Amino acid sequence: MRFFAALVLSALVSSGVMAADRSHSPVQLQAEQRAKQLSLPAGWQQQLKVGSTLDRTLFEASEVVYRDPELGLMTIQLEDKFVRVVAATHEILDVTDDF
């Protein structure tokens with residue numbers, strides 16, 4: 001009986017290790033997808049006008065650096081620019097060079 005319990009315990013532990021190993025592959029996929037997203041179209045700086053809506057491709061290529069859920073705002077980074085937008089509509093409120 002002890003042998004059977006040890007065998008079951010061993011199988012559970014080894015299956016947990018296998019699951020942990022599989023959990024690393026999505027991170028690699030996310031890194032590859034992130035690298036593809038970071039390519040910004042030419043002339044993207046001209047699209048950053050206060051009051052306009054941020055283009056979807058620019059938003060997907062950005063990195064969110066701050067969220068304010070109470071106000072419904074977020075700050076995103078596009079290369080060297082920081083853009084504060086309304087989270088729901090992506091309306092541009094402010095564009096700065098520093099955070």
Side-chain angles (χ1 to χ4, degrees):
M1 186 65 172
R2 284 186 178 174
F3 176 74
F4 181 71
L7 183 63
V8 170
L9 183 62
S10 166
L12 290 175
V13 170
S14 66
S15 67
V17 170
M18 295 299 286
D21 289 342
R22 283 183 270 143
S23 70
H24 293 293
S25 62
V27 174
Q28 293 171 347
L29 291 176
Q30 288 175 355
E32 291 172 4
Q33 290 172 347
R34 187 80 185 140
K36 289 179 186 177
Q37 289 177 350
L38 290 178
S39 58
L40 295 170
W44 63 269
Q45 292 94 343
Q46 286 76 27
Q47 297 179 17
L48 300 180
K49 294 186 176 135
V50 175
S52 66
T53 303
L54 186 68
D55 187 62
R56 182 183 174 115
T57 57
L58 291 179
F59 182 75
E60 289 173 354
S62 69
E63 180 180 349
V64 177
V65 292
Y66 180 74
R67 287 184 192 265
D68 188 347
E70 289 181 11
L71 296 176
L73 304 177
M74 69 172 69
T75 302
I76 61 170
Q77 183 176 6
L78 288 162
E79 287 187 4
D80 60 341
K81 301 284 186 192
F82 291 93
V83 183
R84 192 166 47 127
V85 298
V86 177
T89 62
H90 297 170
E91 178 185 351
I92 299 173
L93 301 175
D94 191 22
V95 179
T96 59
D97 291 332
D98 59 348
F99 184 61

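Because the structure is predicted, anything quoted here is derived from the model rather than measured.
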To the nearest 0.5 Å, how far apart are [atom1] in [X] and [atom2] in [Y]?
{"X": "Lys81", "Y": "Asp98", "atom1": "NZ", "atom2": "CG", "value": "10.0 Å"}
{"X": "Ile92", "Y": "Ser52", "atom1": "CD1", "atom2": "OG", "value": "4.0 Å"}
{"X": "His90", "Y": "Ser62", "atom1": "NE2", "atom2": "OG", "value": "8.0 Å"}
{"X": "Arg84", "Y": "Leu54", "atom1": "CZ", "atom2": "CG", "value": "14.0 Å"}
{"X": "Glu79", "Y": "Gln45", "atom1": "CD", "atom2": "CD", "value": "6.5 Å"}

*Please name the pair of heavy atoms, one in Val65 and one in Phe82, separated by the smallest distance, quoted to 0.1 Å.*
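Looking at all heavy atoms of both residues, the shortest contact is CG2-CD2, 4.2 Å.
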
_I'd like to check Leu58 versus Val83 (side-chain heavy atoms, cut-off strictly below 4.5 Å). Are they in contact?_
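They are not in contact (no side-chain heavy atoms under 4.5 Å apart), so the answer is no.
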
*What residues join Leu71 in its hydrophobic cluster, counting side-chain heavy atom gaps under 4.5 Å, either direct or through other members?*
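The other cluster members (ILVMFWY side chains, heavy atoms under 4.5 Å, direct or chained) are Leu73, Val86, Leu93.
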
*Sequence neighbours excluded, which residues qualify as side chain to side chain donor-acceptor pair (under 3.5 Å) partners of Asp55?*
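Scan of Asp55 (side chain to side chain donor-acceptor pair (under 3.5 Å), adjacent residues dropped) gives Thr57.
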
_Contacts of Asp80 that satisfy salt bridge (charged side-chain N to carboxylate O under 4.0 Å, His left out) - sequence neighbours left out_ =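 Scan of Asp80 (salt bridge (charged side-chain N to carboxylate O under 4.0 Å, His left out), adjacent residues dropped) gives none.
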
*Does anything in residues 67-77 pair up under salt bridge (Lys or Arg N to Asp or Glu O under 4.0 Å), and if so which pairs, sequence neighbours excluded?*
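Every candidate salt bridge (Lys or Arg N to Asp or Glu O under 4.0 Å) pair involving residues 67-77 fails, so no pair, neighbours aside, qualifies.
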
*asked:* List the residues meeting side-chain contact (heavy atoms from CB on, under 4.5 Å) with Val50, not counting sequence neighbours, and say none if there are none.
replied: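 Result, side-chain contact (heavy atoms from CB on, under 4.5 Å) vs Val50: none returned.
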
_Between Gln47 and Lys49 (side chain of the first, backbone of the second, donor and acceptor by atom type, cut-off under 3.5 Å), is there such a pair?_
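Not confirmed, Gln47 side chain does not pair with Lys49 backbone.
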
